[in-house]
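Single-structure report; data block below.
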Amino acid sequence: MTNWQAEAEKIRPQLLEDLTTLLKIDSQRDVAHKTDAAPLGPGPAKALNTMLAMAERDGFNTLNVDNVAGRIELGQGDEIFGLFGHMDVVPAGPGWDTDPFDPVIKDGKLYARGSSDDKGPSIAAYYALKLVRDLKCPINKKIHFIIGTDEESDWVGIHRYLETEPAPDFGFSPDAEFPIINGEKGIATFAIDFKPQPTTGDLQLTSFSAGLRVNMVPQSATATLAGKIPTSLDSLLAAANQQKGIHVETSPAANGITLTMTGKGAHAQEPSDGINAATFLATLLNQLPLDPAGKQYVSAIAAHMHEDSRGHLLGINHKDAVMGELTASPDLLTYEPAGKQQVLLNVRYPQGTDPDTIIAGITTALGADTVTVTVNGHAQAPHYVAGDDPLVKTLLQVYQDHTGQPGFEQVIGGGTYGRIIARGVAFGALMPDAENVMHQANEYMAVDSIIQAVAIYADAISRLAQ
């Protein structure tokens, strides 16, 4: 019987070298600088080609689909077993203690953007596949390791891949948590656009902005006021700075003042893990005598979105016995007096509700005379693979054999490539007791956990590919 942990330890130096190479690439989606050769920007294309080049170096056959997705191949058979990883990352954002694209190992932890989501787990799955091949494990299926380049945004890469290449019959994505994720909530972002109101008054909100991506709780938010600044603002600022986890600073601006609020970023799948700087800033501003348009904007956020991660104040809360509660996170916010006045609300919803119901709830809560609400982009329906499916049972058994801990089903608000096929799940690489720092500043993954993931993935691949 193969000692997978021992085999994984042997490849530690080479794995860390390759992973460091990948982590040095700033591979966030950047369509502002796209080219014909890099449709999603230079970073994602570079990371994809670097990963494929590593596989070619090691003797694998590969496929590049338009520089937006790729494949590493092993084995033959009637069925296709899929692995799904991604090379793109969310923006680094503020608050890092080290350069997010200069990987550093401290106290056994590898710090870099993408170390945990998803370059670390992806390289672990790749080296697991390599171990299975090098140890000549019996394989009776095609194994396609499919790599996307915009999992953190619109999934252009994986959808393009499936337009031209066969979908796997079953598989898993190393892009979440152990012991398994066999259910994922629906995901949709709702554009809440505010209708025009007068912008005249003694105190005007001249700008409000927050957020980096629709799947990240905003760590900072900025607003500018012009006109007669009330004396009460000083006491409001002092009170805000007494609250745990937030800090607000001011600076002079043309005819007024700029306020910058700092909170804590987090993955939007669990908004309560973060401290939303935007809603805290709106709540502060709502206590001021703003112009009608500015007041309409900040009061809606303060009254219906502040510290309410389950959507109760918007009338969209819903709970399912299997999938749990809906979550709602206002993540991208823009206000211009004569332009866009919008909140992009990221919602992770269980079975039993749907985008139309959510739109109706938000519209009722905020008022049809105040806002229009639409789905921004496309909605992903809830996804679930039953616990008695052989895929789920096998992966849970592998986890239990390697950790000695009981396996159990889980449903998350995050979205992984596991949901792209009917019999797809997410499997690791984050251990249940590990800190989840995906999408946060100072993202890291313990090196020992990466090596353990190699062992678990290799064992899982060898069992599922027989």
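Separation of atoms CD1 (Ile123) and CD1 (Ile11) is listed at 9.0 Å; rounding is to 0.5 Å. Atom-to-atom distance recorded for Met438:CE and Glu270:CD is 14.0 Å, nearest 0.5 angstrom. Here the CZ-CG distance, from Phe427 to Leu391, works out to 9.5 Å after rounding to the nearest 0.5 Å. Atom-to-atom distance recorded for Thr62:OG1 and Arg57:CZ is 12.5 Å, nearest 0.5 angstrom. Between the CE atom in Met87 and the CD atom in Glu151 there is a gap of 11.0 Å [rounded to 0.5 Å]. Thr370 contributes atom OG1, which lies 11.5 Å from atom CD of Gln341 (distance to the nearest 0.5 angstrom).
Between Glu7 and Asn3, the side chains place no donor N or O within less than 3.5 Å of an acceptor N or O (distance only, hydrogens not considered). Between the side chains of Asp354 and Thr357, at least one donor N or O sits under 3.5 Å from an acceptor N or O. Under 3.5 Å, the side chains of Asp150 and His86 contain no donor-acceptor pair of N or O atoms. Counted by atom type alone, Asp448 and Gln452 present zero donor-acceptor pairs between their side chains at under 3.5 Å. For the residue pair Asp88/Thr149, the side-chain donor-acceptor check at 3.5 Å is not satisfied. Donor-acceptor pairing under 3.5 Å is lacking for the side chains of Gln466 and Asn140.
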Between side-chain atoms of residues 67-85 and protein atoms elsewhere (two or more places apart, or another chain), which donor-acceptor pairs fall under 3.5 Å?
{"unit_1": "Asn67", "atom_1": "OD1", "unit_2": "Asn49", "atom_2": "ND2", "d": "3.0"}
{"unit_1": "Asn67", "atom_1": "OD1", "unit_2": "Asn64", "atom_2": "ND2", "d": "2.8"}
{"unit_1": "Asn67", "atom_1": "ND2", "unit_2": "Ala37", "atom_2": "O", "d": "2.5"}
{"unit_1": "Arg71", "atom_1": "NE", "unit_2": "Glu73", "atom_2": "OE2", "d": "3.0"}
{"unit_1": "Arg71", "atom_1": "NH1", "unit_2": "Tyr161", "atom_2": "OH", "d": "3.0"}
{"unit_1": "Arg71", "atom_1": "NH1", "unit_2": "Glu165", "atom_2": "OE1", "d": "2.9"}
{"unit_1": "Arg71", "atom_1": "NH2", "unit_2": "Glu73", "atom_2": "OE2", "d": "2.8"}

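Looking at Lys130 and Asp58, no side-chain N of the basic residue comes within less than 4.0 Å of a carboxylate O on the acidic one, giving no salt bridge.
His267 and His439 have parallel rings, their planes meeting at less than 30° on a 0 to 90° scale where 60° marks the start of perpendicular.
The aromatic ring centroids of Tyr457 and Trp4 lie 6.0 Å or more from each other.
By the 4.5 Å heavy-atom criterion applied to side chains, Pro382 and Met323 are counted as neighbours.
Taking the centre and axis of the six-membered ring of Tyr111, the NZ or CZ atom of Lys106 falls inside the cone set by 45° and 6.0 Å.
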